[in-house]
Engineer: 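Below are the structure tokens for one structure; questions will follow.
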Amino acid sequence: MNRVFVTRILPEPAMARLRAADLALDVWPEPGPPPYDELLRRVAGVHGLLTLLTDRIDARLLDAAGPGLRVVSQMAVGVDNIDLAACTARGIPVGHTPGVLSDAVADLTIGLMIATARRFFEANADMRAGRWTTWEPMGWTGPDLHGSTVGIVGLGRIGQAVARRLQGFNVRLLYHNRRLHPQAEELGATYVSLDDLLAASDFVTLHCPYTPDTHHLIDARALALMKPTAILINTARGGVVDQDALLEALRSGKIRAAGLDVFTPEPLPPDHPLLALPNVVALPHVGSASIATRIRMAEMAVENLLAGLAGRPLPHCANPDVYARA
Ligand code: DGY
């Protein structure tokens, strides 16, 4: 019987599918992730691993699992917590959940753009604290999203879903991507260099994967290129932005504001100076957190897991090179 370790309790439809499969199932019962040492112990001898983005899956852990490990399946599209090269080298396919969460993340991105520009949380905090004393001509004003220039960094599935939504806002759309995107014309998006995008955009929104190439893509130099009135939105990964440089840029007015759903580290400590800034709208990595999306992500993760255990190609594989080795 295949042994499987699942690093968190999943939504019930996914748990039901796991229970119905003929598996020796070990499910981490705590609300938080298993500590790394515990993970090392629990994976010994497993054939399948179902992970979340909070679990570090590196070569040491794969070795601790042993040669029987046939699949790692993650309930997320991003797999930067997993050493893909180490998995590929051992012939282990890695499953992930692309596509299913693009609309939810794009919805949240638009929400963050408006909430940040129009100062929702600042105004709400003032109201709750009794500082709403009158209607002021310029009270709690901010820039418009409609009619603005928006720069999308990374025109993959999520970037495209953001672009589609922005068509309703009459914006000028710029994008930067590793390569020209065939869908861009239809989306009304114009390709520009990253520097030109940063210099021209009123909103810069990040939708690239986090890799060694995109580590601190938005650093002090990049922030200095942005307009002092610009707003940065990050729903990708915290590491794409040099957070210390961002803090300085927000404090000194080099940019107007930031809407952030991802941080370094996660969870961000509540006393982190970013959270004290009125021009930051911060959310605890909830881009995909619609009920239907999270249920579907978990189901996809189970589908990938079961395919890997059965020796079938994963429906959604993050390291397809693994099959070229066979
Ligand atoms: C992902 O899937 O990578 C998101 O960050 C969480 O939904």
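Both counts, for ligands and for their atoms, begin at 1 and track the order of listing. All values reported here derive from a predicted model rather than from experimental measurement. We're numbering straight along the sequence, starting at 1.
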Engineer: Could you tell me if any non-hydrogen atom of Arg237 lies under 4.0 Å from any atom of ligand 1?
Structural biologist: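 True for this residue.
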Engineer: Can you tell me which portion of Leu53 lies within the under-4.0 Å heavy-atom range of ligand 1? Options are side chain, backbone, both, or neither.
Structural biologist: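 The answer is the side chain.
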Engineer: Quick check on Arg157: does its CZ atom have over 12 non-hydrogen neighbours (other residues, nucleotides or ligands) under 6.0 Å away?
Structural biologist: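 12 or below, so no.
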Engineer: Under 3.5 Å between some N or O of ligand 1 and some N or O of Val77?
Structural biologist: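 Yes.
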Engineer: Is a salt bridge present between Arg90 and Asp63, judged by a nitrogen-to-oxygen distance below 4.0 Å?
Structural biologist: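 The answer is yes: the pair qualifies as a salt bridge.
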Engineer: Between Ile231, Leu250, Leu198, which is the residue that forms a side chain to side chain contact (heavy atoms under 4.5 Å, CB included) with Ile255?
Structural biologist: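 Single side chain to side chain contact (heavy atoms under 4.5 Å, CB included) partner of Ile255 among Ile231, Leu250, Leu198: Leu250.
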Engineer: Would His285 count as a contact residue for ligand 1, given that I'm defining contact as a non-hydrogen atom of the residue lying under 4.0 Å from a ligand atom?
Structural biologist: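 Distance cut 4.0 Å: His285 passes for ligand 1.
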Engineer: Can you check whether Tyr175 and His181 have ring centres sitting under 6.0 Å from each other?
Structural biologist: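 Not close enough - the centres of the two rings lie 6.0 Å or further apart.
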Engineer: At a 4.0 Å threshold, what atoms of ligand 1 neighbour a non-hydrogen atom of Ser288?
Structural biologist: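 Counting from 1, the qualifying ligand atoms are 6 (C), 7 (O).
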Engineer: Measure the OG1-CD1 distance between Thr51 and Ile57 for me, rounded to the nearest 0.5 Å.
Structural biologist: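 Rounded to the nearest 0.5 Å, the OG1-CD1 separation comes to 5.0 Å.
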Engineer: Using a 4.0 Å heavy-atom cut-off, say whether Leu101 meets ligand 1 through its side chain, its backbone, both or neither.
Structural biologist: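 It is the side chain that gets close, since no backbone atom is under 4.0 Å.
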Engineer: Please confirm whether Met297 comes under 4.0 Å of ligand 1, counting heavy atoms of the residue only.
Structural biologist: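 Yes; Met297 lies near enough to ligand 1 that a heavy-atom distance drops under 4.0 Å.
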Engineer: Just verifying a value: how many Å separate Phe5 CZ and Leu39 CG, rounded to the nearest 0.5 Å?
Structural biologist: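 Reported to 0.5 Å precision, the distance equals 6.0 Å.
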Engineer: With heavy atoms of Gly78 as the reference, note each atom of ligand 1 found under 4.0 Å away.
Structural biologist: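 Those atoms are 1 (C), 2 (O), 3 (O).
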